[in-house]
Amino acid sequence: MVDPKDSGQITKGKIDEAIKALKEQKPKEREDISDREAIRKMRRYIEKLTSDKYGYSYDEVSEMLKGLGINLSGSRIKYLLGEVKKSSRRQKKTSSSDDNNPSSNPATET
């Protein structure tokens, strides 16, 4: 006969312990991020450098980043910056329209 300890039986106590351990896990930090995410994180600095005050071109910013091992062309940076701006505008519109639309607000009763 097989001893219950060796049979691989899962007790309720083990399940509770496992659930607790799984809940406590934090998201893993990823080494690599997408081009879009990289531009989103650097957005304010790229916009500052390409402003009229600083006067750098996207190609010049691209060269600076290339020296750091980030290989994005100036046109790719410009494109991704536009995409990041569009998505942040959409998120702002969605959240403000949700606030103004009583039918989408579950806390409001009619």
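M42 CE to Y45 OH: the interatomic distance, rounded to the nearest 0.5 Å, is 11.0 Å. If you take CG on D35 and CG on L72, they are separated by 5.0 Å, rounding to the nearest 0.5 Å. In this structure, CG in D32 is found 9.0 Å from CZ in R30, a value given to the nearest 0.5 Å. The distance from atom CD1 of I77 to atom CZ of R43, rounded to the nearest 0.5 Å, is 14.5 Å. Here CG of L81 is found 12.0 Å from NZ of K86. Values are rounded to the nearest 0.5 Å. Between the OH atom of Y54 and the CG atom of L49 there is a distance of 7.5 Å, given to the nearest 0.5 Å.
Other residues, nucleotides and ligands place no more than 12 heavy atoms under 6.0 Å from the CD1 atom of I10. Annotation: E83, atom CD; neighbour count of heavy atoms from other residues, nucleotides and ligands within 6.0 Å is above 12.
In plain terms, the two heavy atoms of R40 and E37 that are nearest each other are NH2-OE2, 2.6 Å. Nearest heavy-atom pair across I46 and Y58 is CG2-CE2, 4.2 Å. Here the closest heavy-atom approach between residue R36 and residue V84 is recorded as O-CG2, 3.9 Å. Considering every non-hydrogen atom in both S62 and G74, the closest pair reads CB-N, 3.6 Å.
In this structure, the side chains of T11 and K14 come closer than 4.5 Å at one or more pairs of heavy atoms. Considering only heavy atoms from C-beta on, I70 stays 4.5 Å or farther from M64 through its side chain.
A salt bridge links K66 with E63; the closest basic N to acidic carboxylate O contact falls under 4.0 Å. Salt bridge status for E47 with K85: present, with a side-chain N to carboxylate O gap under 4.0 Å.
In the hydrophobic clustering of ILVMFWY residues, with side-chain heavy atoms under 4.5 Å counting as a link, I33 and L80 come out apart.
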